[in-house]
J.: 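This is the structure, below, for whatever I ask next.
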Amino acid sequence: MTAKAKPAAGTITPEDAIDPSKALVPSVQRVNEVRVKTGFWPKIGRVAARIPFADQVVSVYYAARDPETPMAAKGIMLGALAYFVMPIDAIPDVLAGIGFTDDAAVITAVIATLGANVRKRHRELAEKALDKLRDQ
């Protein structure tokens with residue numbers, strides 16, 4: 001696609017996937033769900049030991065996958081998790097020391113606004129999953 005070309009109708013761009021105003025659009029939500037489903041565990045497995053907020057990311061993941069979580073909250077959580085999974089973001093993750101600060105800010109904002117939807121069972125599942133990753 002050239003710089004002047006516009007995406008085809010119905011095409012979801014990376015910008016759409018992380019745009020909070022589009023988080024609840026069903027097509028964007030489906031794209032984010034697929035992106036998270038395929039990319040979350042490989043990425044968290046690579047970076048869990050290097051990021052201090054891994055437990056929060058995994059807790060949000062379990063909350064987003066919980067059928068009891070309201071659809072609006074799921075859409076926003078999936079958008080945040082898609083941002084975490086995407087290799088291209090505001091601050092590249094490969095930059096030592098600062099690469100994950102934007103991801104941490106996004107996850108912190110989600111927890112600050114939707115924290116009531118991240119239940120104790122989600123935090124417990126996250127703890128167990130991270131313990132399992134560390135034991136590998």
J.: For residues Val36 and Tyr83, determine if any side-chain heavy atom of one lies less than 4.5 Å from a side-chain heavy atom of the other.
T.: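 No; the side chains remain at least 4.5 Å from each other.
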J.: Measure across Arg35 and Met86 and return the closest heavy-atom pair with its distance rounded to 0.1 Å.
T.: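 Looking at all heavy atoms of both residues, the closest pair is CD-CG, 3.5 Å.
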J.: Working to the nearest 0.5 angstrom, can you tell me the gap between Glu127 CD and Ser59 OG?
T.: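 Rounded to the nearest 0.5 Å, the CD-OG separation comes out at 9.0 Å.
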J.: Taking only residues two or more places apart in sequence or in another chain, which ones pass ring pair (Phe, Tyr, Trp, His ring centres under 6.0 Å) with Phe40?
T.: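 Phe40 satisfies ring pair (Phe, Tyr, Trp, His ring centres under 6.0 Å) with Tyr61 only.
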J.: Please give me the minimum heavy-atom distance between Ala129 and Trp41, naming the atom from each residue.
T.: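 Heavy atoms only, the tightest pair is CB-CH2, 3.8 Å.
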J.: Can you list the residues that meet the side chain to side chain contact (heavy atoms under 4.5 Å, CB included) rule with Ala54, with sequence neighbours excluded?
T.: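 Scan of Ala54 (side chain to side chain contact (heavy atoms under 4.5 Å, CB included), adjacent residues dropped) gives Ile44, Ala48, Ile51, Leu130.
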J.: Is Asp131 paired with Arg134 through a side-chain N to carboxylate O contact shorter than 4.0 Å?
T.: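 Yes, Arg134 and Asp131 are salt-bridged.
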J.: Determine whether Val118 and Met77 make a side-chain contact, defined as any pair of heavy atoms from C-beta on separated by less than 4.5 Å.
T.: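 In contact.
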J.: Is a side-chain donor or acceptor of Thr69 paired with a backbone partner of Ala63 at a separation under 3.5 angstrom?
T.: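 Looks like yes, one N/O pair under 3.5 Å.
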J.: Under 4.5 Å between any side-chain heavy atoms of Asn32 and Leu81, yes or no?
T.: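 They are not in contact (no side-chain heavy atoms under 4.5 Å apart), so the answer is no.
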J.: Quick one: closest heavy-atom pair of Asp103 and Phe84, and the distance?
T.: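 Result for this residue pair: OD1-CA, 3.4 Å.
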J.: If you compare all heavy atoms of Pro70 against all heavy atoms of Asn117, which two are closest, and at what distance to 0.1 Å?
T.: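 For Pro70 and Asn117, the tightest heavy-atom pair comes out as CD-OD1, 3.2 Å.
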J.: Find the distance between CE (Met71) and CD1 (Ile76) and round it off to the nearest 0.5 Å.
T.: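 It is 12.5 Å, given to the nearest 0.5 Å.
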J.: Could you work out, with side chain to side chain donor-acceptor pair (under 3.5 Å) as the rule, every residue matching Asp66, not counting sequence neighbours?
T.: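 For Asp66, the residues satisfying side chain to side chain donor-acceptor pair (under 3.5 Å) (neighbours in sequence not counted) are Arg121, His122.
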J.: For residues Ala80 and Val110, report the shortest heavy-atom separation together with the two atoms involved.
T.: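 Reported closest heavy-atom pair: CB-CG2, 3.4 Å.
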